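These notes concern the structure reproduced below.
Values below: every heavy atom of this structure, side chains too, minus hydrogens, waters and symmetry copies. Both counts, for ligands and for their atoms, begin at 1 and track the order of listing. Keep in mind the model is a prediction, meaning the values are calculated, not measured.
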Amino acid sequence: MKILVLNCGSSSLKYQFIDMDTEEVVAKGLCERIGIEGSRLVHKVPGKPDYEENTPMPDHQKAVELVMAALTDAEHGVISDVKEIAAVGHRVLHGGATYSDSIIVDEDVKRVIRECFDLGPLHNPANLMGIEACEAAMPGTPNVAVWDTGFGMAMDPKAYMYAIPYEYYEKYQIRRYGFHGTSHKFVSGETIRFGNLPEGHRKVIVCHLGNGASISASINGKCVDTSMGLTPLEGLIMGTRSGDVDPAVVQFIANHENLTVDEVLNILNKKSGVLGISGVSSDFRDLDAAEEQGNERAKLANEAFRYRVVKYIGAYVAAMDGVDAIAFTAGVGENNGEARKLICDSLSYLGIKIDDEANKTRGKNMLISTPDSKVKVFVIPTNEELSIARDTLALVQ
Ligand code: AMP
């Protein structure tokens with residue numbers, strides 16, 4: 001059975017076509033600049049040259065049609081008929097307080113995605129467009145919504161409530177939701193499986209450290225706490241997002257710079273994080289290069305980033321009254337051994353010891369702590385698309 005996974009952004013559409021018998025990617029690609037001049041499709045099939053098409057894509061409907069055409073093309077395609085697509089799994093950013101489990105899309109699901117437009121203003125409209133485009137292009141093929149907020153929905157009220165007047169929770173469902181849910185679900189599950197963690201010893205902290213960064217605490221795969229909140233702005237310092245700040249900062253900047261709240265929020269989302277501190281880049285490789293050349297603010301940004309991770313790990317050990325394993329994932333977590341080492345060196349009070357040789361690992365499952373380390377530390381590459389495809393398969397099989 002083959003499943004198409006779609007991740008629609010406001011002007012982009014990423015896809016992977018996965019054979020679920022082998023869990024291998026048969027084809028994948030990206031449509032960029034949807035609705036903007038210069039739209040482009042890049043379609044990749046293992047063992048074949050990449051196929052590129054520069055053609056106008058006024059909307060997601062056209063993008064989905066081009067993806068269907070690429071998948072069924074005689075030369076660079078991988079199937080002869082779209083009927084071979086058993087189902088489509090969609091990454092949907094926000095399911096509000098209504099949905100946590102993945103679900104086959106019907107009118108009610110679409111209504112909830114629409115109701116959550118103001119909670120995910122960039123993504124939810126695009127996600128709905130992707131679903132409706134698939135309904136039009138492949139009538140009868142099931143679409144499954146996999147919520148990025150799904151994993152965090154298992155949090156207890158004491159972890160997800162903001163200490164603001166309760167009526168705002170009742171009226172608007174203002175609470176902490178958490179994001180990167182498919183990644184945290186996949187990596188916490190892989191940590192238990194790969195690490196052979198026995199029942200009763202499955203307190204796991206997942207550090208998803210990429211351009212977007214978040215951290216989760218889970219017991220037996222069930223989320224206890226996670227660092228992102230009502231929106232992905234809360235928590236760790238990220239590439240361009242500030243993470244936690246005193247809300248009074250918003251008022252102060254707005255008053256002194258004569259900006260609206262929306263404008264300050266835009267700064268906290270797009271011009272802050274390690275980019276804001278360093279003034280160099282949001283990309284951690286650029287930061288490392290600048291730090292090596294003696295740039296003090298790049299050094300400070302890296303230090304602040306790691307310090308926040310260390311602080312959250314400490315908080316999550318407390319929240320779970322212990323920890324059995326810590327897993328690093330995403331761009332920095334999977335590739336940057338030095339960041340992992342420096343973070344873990346600050347956790348010696350937990351009895352963590354890193355095996356420097358194993359820590360040279362990049363991009364594959366690996367135990368990187370020593371045999372006598374009191375907490376196991378792993379590198380576990382995330383695979384959000386496979387996580388979405390597995391949920392989709394389970395619902396349509
Ligand atoms: P992601 O959002 O998961 O794609 O992660 C993107 C971030 O990971 C960027 O800031 C990259 O600089 C960082 N990254 C990716 N590959 C590496 C690498 N080999 N070494 C260090 N950082 C990396």
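The part of Arg362 lying near ligand 1 is the side chain, judged by heavy-atom distances below 4.0 Å.
Using a distance-only test at 3.5 Å, with no hydrogens or angles considered, no donor-acceptor pair links the side chain of Ser278 to the main chain of Arg297.
At a threshold of 4.0 Å, the pair Lys299-Glu303 counts as salt-bridged, since one of the basic side-chain nitrogens sits closer than that to a carboxylate oxygen. Under the 4.0 Å criterion applied to side-chain N and carboxylate O atoms, Arg390 and Glu23 are assigned as salt-bridge partners. A salt bridge does not link Lys110 with Asp106: none of the charged nitrogens is closer than 4.0 Å to a carboxylate oxygen.
Counting only residues at least two apart or on different chains, the side-chain hydrogen bond (donor to acceptor under 3.5 Å, both in side chains) pairs with a member in residues 155-164 are Asp156-Lys158, Tyr160-Tyr169, Tyr162-Glu234.
Phe284 N, 2.9 Å is the protein heavy atom nearest to atom 10 (O) of ligand 1.
Below 3.5 Å of separation, one finds no N or O of Asp288 facing any N or O of ligand 1. Inclusion of Gly210 in the set of residues having an N or O under 3.5 Å from an N or O of ligand 1 is not warranted. In terms of polar-atom proximity, Arg285 is counted as a contact of ligand 1, with an N or O under 3.5 Å from an N or O of the ligand. Looking at Gly212 next to ligand 1, no N or O pair under 3.5 Å apart turns up.
Atom 4 (O) of ligand 1 lies below 4.0 Å from none of the non-hydrogen atoms of the protein.
For ligand 1 and Ala330, the ligand atoms under 4.0 Å from any heavy atom of the residue are 3 (O). Contact atoms of ligand 1 toward Asn211: 1 (P), 2 (O), 5 (O), 6 (C), 7 (C) (distance under 4.0 Å to a heavy atom of the residue).
By the 6.0 Å and 45° rule, Arg175 stacks over the aromatic ring of Tyr177.
The residue from Leu209, Asp283, Asn335 that puts a heavy atom closest to atom 19 (N) of ligand 1 is Asn335.
Under the rule for a side chain to side chain donor-acceptor pair (under 3.5 Å), Glu338 has no partner lying at least two apart in sequence or in another chain.
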